[in-house]
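Written below as structure tokens is the structure these notes are about.
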Amino acid sequence: MAEPSDVAMANNQVAVIGSQYCTPNQDDFVISRKLKTLRHGEFDVSDMNDNSMFKVRGNFGWHDKRVIFDTADKPLVTLKQKMMTEHSRWNAYRGQNTDDKNFLFTVKTTSVFQWKSKTELVVFLANNNSKEKDCDFLIKGSWSERSCVIYAGDSSTIVAQMHEKFTSQSLIGKDNFIVTVYPNIDHAFIVSIIVILDAINATINAAATGAASGAAAVAVGAAIS
């Protein structure tokens with residue numbers, strides 16, 4: 001985790017989903033997922049006192065989707081995988097309507113090939129007019145180690161970071177980790193980024209597993225012949 005001297009605080013609110021999800025303080029929250037579940041990508045988000053903040057539920061099919069709900073079960077944002085693209089890419093939309101008028105931001109890998117041990121994603125907000133030359137946020141780190149940092153643009157300004165696993169009696173039997181969000185940053189937006197990061201990592205892992213299985217099958221076939 002970065003030391004306070006490494007963190008440049010945002011002076012103005014960064015409200016992508018809503019200003020009500022920004023606070024003037026540094027906040028930690030826990031993202032947890034039941035280990036014994038068949039539905040990958042579904043999470044519960046709570047504060048450090050185990051109070052519910054958000055929940056993430058999936059809609060799986062040809063177009064993978066995740067929907068983030070608030071504590072009143074109101075859909076805040078829909079995350080939708082974009083198919084047939086060179087890079088892994090997900091788009092975010094306000095509410096559950098994925099029309100262009102509700103588009104909020106897009107997240108994609110920085111290169112066609114990503115290693116399981118290293119993750120690098122870029123975020124472009126809806127009002128970014130750089131034709132995806134200058135990103136609004138940059139994510140670097142390792143999902144497998146639960147160690148990722150979200151930067152403001154291509155800078156050293158940290159807006160949030162995911163770190164150590166968190167275990168308490170109420171969270172036993174779950175995959176848990178802490179996310180630290182720095183002052184004036186939209187918590188719901190950061191949750192959206194983490195959920196997309198998890199989805200892209202799952203795709204990378206599946207591709208790596210498939211490649212390894214294919215290589216093993218070829219090796220066995222060669223040995224038999």
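Note that the structure is a prediction, hence the values are computed from the model and not measured. Just so you know, these numbers use all the heavy atoms, side chains as well, and skip hydrogens, waters and symmetry mates.
- No salt bridge links D198 with R66; every basic N to acidic carboxylate O contact stays at or beyond 4.0 Å.
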Working note: H163 + S147, criterion side chain to side chain contact (heavy atoms under 4.5 Å, CB included); need CA distance, chi angles, decisive distance, verdict.
CA-CA 5 Å; H163 46 102; S147 177; 5.9 Å; no

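- Within a 6.0 Å radius of CG in D154, no more than 12 heavy atoms belonging to other residues, nucleotides or ligands are found.
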Dump the intermediate steps for ring-ring contact (aromatic ring centres under 6.0 Å, His included) on F137 and F189, then the final yes or no.
CA-CA 11 Å; F137 298 92; F189 171 62; 5.0 Å; yes

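- L104 and F69 end up in different hydrophobic clusters when Ile, Leu, Val, Met, Phe, Trp and Tyr side chains are linked at under 4.5 Å.
- The distance between the ring centers of Y21 and F54 falls below 6.0 angstrom.
- Defined by atom type and a distance below 3.5 Å, a donor-acceptor pair is missing between the side-chain atoms of S46 and N51.
- Contacts of D99 classified as salt bridge (charged side-chain N to carboxylate O under 4.0 Å, His left out), with partners at least two apart in sequence or in another chain: none.
- D44 and S32 share no side-chain donor-acceptor pair at under 3.5 Å.
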Does the side chain to side chain contact (heavy atoms under 4.5 Å, CB included) test come out yes or no for M48 and V30, once each step is laid out?
CA-CA 7 Å; M48 299 303 290; V30 181; 3.7 Å; yes

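- The CG atom of N102 sits 11.0 Å away from atom CD of Q96, with the distance rounded to the nearest 0.5 Å.
- Considering only heavy atoms from C-beta on, E120 stays 4.5 Å or farther from I139 through its side chain.
- When only modelled atom types and interatomic distance are considered, R89 and T106 share a side-chain donor-acceptor pair under 3.5 Å.
- Y182 contributes atom OH, which lies 5.0 Å from atom CD of Q26 (distance to the nearest 0.5 angstrom).
- Hydrophobic clustering (ILVMFWY, side-chain heavy atoms < 4.5 Å, transitive): I190 and V67 are in distinct clusters.
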Decide yes or no on side chain to side chain contact (heavy atoms under 4.5 Å, CB included) for L121 and K140, but give the supporting numbers first.
CA-CA 7 Å; L121 309 175; K140 290 184 177 182; over 6 Å; no

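- Two residues are said to be in side-chain contact when any heavy atoms from C-beta on lie closer than 4.5 Å; H187 and F29 meet this criterion.
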Audit row: L138, V123, side chain to side chain contact (heavy atoms under 4.5 Å, CB included) steps and yes/no
CA-CA 6 Å; L138 175 66; V123 182; over 6 Å; no

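- Distance alone, capped at 3.5 Å, is enough to place a donor-acceptor pair between the E42 side chain and the G58 backbone.
- Remark: T23 pairs with D27 by the side chain to side chain donor-acceptor pair (under 3.5 Å) rule, at least two apart or across chains.
- A donor-acceptor distance shorter than 3.5 angstrom exists from the side chain of S192 to the backbone of A188, with no hydrogens or angles considered.
- Look at E132 and K108 and you find a salt bridge, because one of the NZ, NE, NH1 or NH2 atoms lies within 4.0 Å of a carboxylate O, short of that distance.
- Sparse packing is recorded around CG of D100, with 12 or fewer heavy atoms of other residues, nucleotides or ligands lying under 6.0 Å away.
- Residues passing the side chain to side chain donor-acceptor pair (under 3.5 Å) test with D136, sequence neighbours excluded: N128.
- Both I17 and V14 belong to a common hydrophobic cluster when Ile, Leu, Val, Met, Phe, Trp and Tyr are linked at side-chain heavy-atom distances under 4.5 angstrom.
- The OG atom of S19 lies 5.5 Å from the CD atom of Q13; values are rounded to the nearest 0.5 Å.
- In this structure, the separation between OG on S88 and NZ on K82 is 13.0 Å, given to the nearest 0.5 Å.
- For the side chain to side chain contact (heavy atoms under 4.5 Å, CB included) with L79, the qualifying choice from I193, V107, I68, T98 is I68, the only one to do so.
- Using a 4.5 Å heavy-atom threshold, the side chains of K80 and Y93 count as touching.
- Heavy-atom neighbours of N25 CG from other residues, nucleotides or ligands within 6.0 Å: above the threshold of 12.
- Counting heavy atoms from C-beta on, the side chains of K55 and D73 come closer than 4.5 Å.
- In this structure a side-chain-to-backbone donor-acceptor pair under 3.5 Å is present from D186 to V16.
- Note: the hydrophobic cluster containing L197 also contains V45 (ILVMFWY, side chain heavy atoms under 4.5 Å, direct or indirect links).
- Cluster annotation: I185 is connected to I194 through the hydrophobic network of ILVMFWY side chains, with a link wherever side-chain heavy atoms come within less than 4.5 Å.
- Note that the CD atom of Q81 and the CH2 atom of W90 stand 5.0 Å from one another [nearest 0.5 Å].
- In terms of heavy-atom proximity, T71 sits nearest to S52 at CG2-O, 3.2 Å.
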